[in-house]
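The block underneath contains the structure these notes are about, expressed in structure tokens.
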Amino acid sequence: MSRSLFPAFLVALAAAFITLVSAVGTAEAIEPIKIARDDVALDLSGAVEIYRAQGDAFQVSTAPDVDGIVRRIEVEAQDERSTGDWAVFALANTTDQQLDRLIVAPHFRLVGSGLVWPDLGSQRIAAITPSSGFTLDRQESPDADEFHVTLNPGSVVTFVAELSSPNLPQVYLWDPGAYKDTVNAYTLFRGIVIGIAGLLALFLTILFVVKGTSMFPATAALAWAVLAYISIDFGFLSKVIEITPGNEQIWRAGTEVGLAATLVVFLFAYLNLNRWHDHFSYGVLAWILGLGIIAGFAIIDPAVAAGIARISFAATALVGLGIIIYLSLQGYDRAIMLVPSWVMIIAWMVGSWMAITGVLDNDIVQPAIGGGLILIILLIGFTVMQHAFAGGALFQGLFSDMERQALAISGSGDVVWDWDVSRDRIITRPDVSRQLGLPSGSLHGPARDWLSTLHTEDRDTFRTTLDVVLEQRRGRISQCFRLRGADGHYHWFDLRARPVIGSDGQVIRCVGTMVDVTEQKKAEERLLHDAVHDNLTGLPSRELFLNRLDAIISIARMEQQVRPTVFVIDIDRFKQVNEELGISVGDTILLTIARRLHRLLKPRDSLCRLSGDQFAMILLSEQEPARIAAVADAVKQAIRTPVTFARREIVLTSSIGLISWTTTQESAEEMLKDAELAMYQAKRFGGDRIEPFRPAFRSNDNNRLRMEADLRRAIERSELKLVYQPIIRLEDQTIAGFEALLRWDHPRRGAIPPSDFIPIAESSGLIVQLGLFAMQQAAEDLYRWQKQFPDLPLVMSVNLSSRQLIRRDLVGDVRSVIARSGVSPESFRLELTESVVMDNPEQSAHVLEKLRQIGIGLSLDDFGTGYSSLSYLSSFPFDTIKIDRRFLEDHSARGIVMVRSMVKMAKELELSVVAEGVVDQQDAQQLAEMGCDYAQSFVFGEPEDAETTGKLLFEHTTAAKS
């Protein structure tokens with residue numbers, strides 16, 4: 001090489017190196033996509049390289065041509081909408097023929113559009129510049145950017161696309177004929193879908209005009225929203241009205257907001273969620289207003305509006321699913337009928353989510369989702385149509401029939417209650433609002449309007465009762481509830497109604513009567529009050545006192561500030577006052593003392609009447625010993641204050657025992673018992689004194705406590721048993737039944753008579769367990785004998801104590817005993833003495849009537865020995881009386897007349913008579929002649945255990961057959 005050529009060579013080499021470095025720094029060469037003649041459609045999206053913010057001029061290296069040469073081209077922006085972003089891809093024609101293809105970039109694709117700030121579509125490519133060949137021809141299309149390209153045989157062409165939007169979701173290379181066929185196919189599909197959607201929306205609108213209930217306009221609105229969404233998605237709306245290229249996003253966001261809003265309205269209206277509370281209406285209204293504001297915001301930022309609408313649609317679908325599942329489990333028919341439609345909505349929502357997030361990525365997804373919306377509306381329309389044609393011509397006849405019944409009932413003076421379910425309107429005739437002092441017609445309206453007038457404790461029951469009738473489509477409404485009057489007082493009403501079913505099986509009306517039962521309810525409340533309160537003073541009874549003390553002790557174990565003190569107060573020599581001045585004067589004095597003691601109480605303290613002349617007090621307001629002693633002295637002085645009666649002063653004294661709670665006391669019963677021991681100790685010291693409890697006092701009551709403890713263990717160890725004394729039918733000397741008697745065989749002390757342990761059981765509360773045991777065991781033995789000797793009509797009598805009679809659970813216990821044992825109620829009988837019944841006559845009458853309704857027998861024991869039985873006998877539902885043995889022991893003419901009078905009176909009252917303590921057969925014969933039905937005494941059999949009684953029945957049956 002000559003010396004003159006060497007510098008020129010170096011210059012050329014440096015220029016080539018600089019050009020290579022510049023090319024590598026600007027853009028690397030790309031790989032071309034090879035195209036064969038049989039390739040109908042190719043997705044170029046993965047092969048396109050995007051270059052961001054390159055400005056109006058862009059340099060790029062081309063793909064290597066067939067000779068492997070890489071060139072550089074520079075392209076300048078040609079469109080004012082250019083974003084400065086560029087896309088580059090290369091195509092290689094590997095065939096020996098010229099190929100014509102279409103480069104297609106869709107303006108909008110649901111696939112991959114995104115949930116938040118979604119891509120709502122726009123023009124994607126402003127222009128495409130090839131590295132060689134002719135300029136590409138843009139094809140007119142409203143839905144995509146289309147460019148026609150011709151590729152020579154064996155050529156490699158690099159294309160630089162000038163982007164008019166920052167995103168390029170999809171780029172396809174289509175064969176022109178195949179693309180045209182595909183567009184035509186989708187056009188046909190879209191036309192069919194839009195036609196169905198339009199007809200369905202029109203039909204539902206007509207249905208709304210025919211049937212004016214709220215579910216039909218809501219369904220029609222949803223159908224029109226779906227039609228608008230599909231029209232935008234399928235590009236149909238732009239053919240009907242002129243939409244400028246920059247406004248597609250606003251229209252698309254608006255239709256998505258409309259779809260979300262109408263779905264909320266449909267769910268609310270179809271399930272009738274506003275039936276019970278306006279809060280549901282307010283919540284939905286706020287939701288719709290929020291979506292309306294978002295629809296207006298779509299003009300500013302369509303992407304944000306569409307994203308919120310999509311989130312709202314998903315939230316509505318999920319919340320609706322929960323509501324539908326809950327109401328379906330409750331049996332609500334509308335919710336059950338909506339299940340298939342809502343399952344399709346959930347499936348559609350899942351498919352849409354998979355599409356917009358790019359999980360599903362194909363060209364069929366978007367049209368399929370549009371078609372799926374139409375299927376959903378079709379199914380919803382079918383569901384709604386069942387309600388549209390419900391009832392038909394039968395309605396008028398049914399309503400007329402109900403009106404006739406309402407007129408007939410109104411003649412009785414009761415309030416007619418009429419609920420028109422389809423219009424959700426309640427009417428009462430005469431207007432119950434006037435009875436309550438409210439404005440006329442204030443309760444004529446939706447069922448939810450009654451909730452504000454109902455007592456808070458009755459609202460849920462009222463709402464649930466009506467819902468159950470609507471859901472089950474059968475049954476009757478039978479409910480008592482309270483309505484508040486204008487003066488603030490509540491009136492009790494008893495509602496009894498039945499549903500009227502239309503031809504579609506739905507409840508169209510509920511009609512019945514309302515009766516004012518306020519006085520009856522007040523009487524029942526008085527009975528319940530009397531059950532746990534003293535009839536004379538109105539103070540709580542012993543049971544209620546112990547219940548309160550138990551609650552206070554429970555609190556005291558957790559809070560150190562709570563330390564109750566219990567006083568037991570006994571009036572000294574009060575029995576003499578009753579004997580000298582009479583019981584009425586004694587009752588007046590007790591009322592006076594009760595008022596005086598009550599005035600000493602502070603809000604946290606309690607007072608009760610334990611028995612005739614004994615009171616008990618719980619002191620919580622004072623904790624210091626000195627203050628407690630001051631209260632005790634005040635109680636003592638209040639009782640010592642003379643009572644003026646009939647111009648004479650009566651001075652009384654008291655014996656007071658008290659005990660303050662410590663952690664050693666385990667129960668209220670134990671604490672009260674210790675206070676009673678202190679009171680008895682004060683009486684032993686002469687009375688008129690205050691005695692605090694000391695543990696040494698318990699030694700005086702050891703025998704009683706030991707007996708109680710032994711009795712508790714006896715119950716646990718099953719030491720108690722029943723024996724049965726026969727009751728003989730005097731007419732033929734056959735066994736009519738038995739009286740069950742409790743016996744206790746103590747392991748060390750031997751047999752203990754009932755007169756010793758029954759009082760202890762009553763005072764300690766164990767009588768409830770003993771009584772339940774006696775009833776259950778006697779019923780089971782009776783059932784076994786009835787099965788073994790079916791020819792003998794046997795009955796069983798069980799004694800009942802006063803403690804058992806005042807229990808609210810007694811009726812339930814008796815019903816349970818009969819159900820578990822299997823005996824018929826007519827063969828089971830409870831015996832009560834006159835003194836037990838007269839301890840609380842009103843409560844006793846109420847409980848005995850409930851027992852009588854079960855079907856069991858009731859026997860009045862020791863008749864004639866207690867209160868004035870003749871005056872009270874008609875007030876109680878007894879069917880048997882038992883004449884006490886003392887009347888039979890009197891063989892004088894006067895005694896015989898008395899017995900005969902009792903028997904005659906019982907027969908006239910249609911009562912059975914049992915004579916106790918028959919001495920011999922001569923007395924039995926005489927009683928039979930008087931008309932006495934049964935006899936019970938040792939003459940006919942002593943009390944025996946169940947096994948011996950079974951043998952007796954066997955012998956009796958055998959003798960009768962022989």
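In terms of heavy atoms, Val421 sits closest to Cys510 at CG2-N, 4.4 Å.
A donor-acceptor distance shorter than 3.5 angstrom exists from the side chain of Asp550 to the backbone of Ala668, with no hydrogens or angles considered. In terms of modelled atom types and a separation under 3.5 Å, the side chain of Thr464 and the main chain of Asp460 share a donor-acceptor contact. A donor-acceptor pair is defined here as one N or O able to donate and one able to accept, closer than 3.5 Å; such a pair exists between the side chain of Thr518 and the backbone of Trp492. Asp861 contributes no side-chain N or O that, together with a main-chain N or O of Glu831, makes up a donor-acceptor pair within less than 3.5 Å.
Under the rule for a salt bridge (Lys or Arg N to Asp or Glu O under 4.0 Å), Arg484 has no partner lying at least two apart in sequence or in another chain. Taking His455 as the reference, Tyr490 meet the ring-ring contact (aromatic ring centres under 6.0 Å, His included) condition, with sequence neighbours excluded. In terms of the ring-ring contact (aromatic ring centres under 6.0 Å, His included) criterion, residue partners of Phe266 (sequence neighbours excluded) are, by chain and number, Tyr270.
Using the six-membered ring where Trp is involved, Phe481 and Phe462 have ring planes that are perpendicular, over 60° apart on the 30 and 60° scheme.
In this structure, the side chains of Leu620 and Ile552 come closer than 4.5 Å at one or more pairs of heavy atoms.
Under the side-chain contact (heavy atoms from CB on, under 4.5 Å) rule, Trp419 has a single partner from Asp424, Ile508, Val511, which is Asp424. When each of Leu851, Leu848, Asn799 is checked for a side-chain contact (heavy atoms from CB on, under 4.5 Å) with Leu830, only Leu851 meets the rule.
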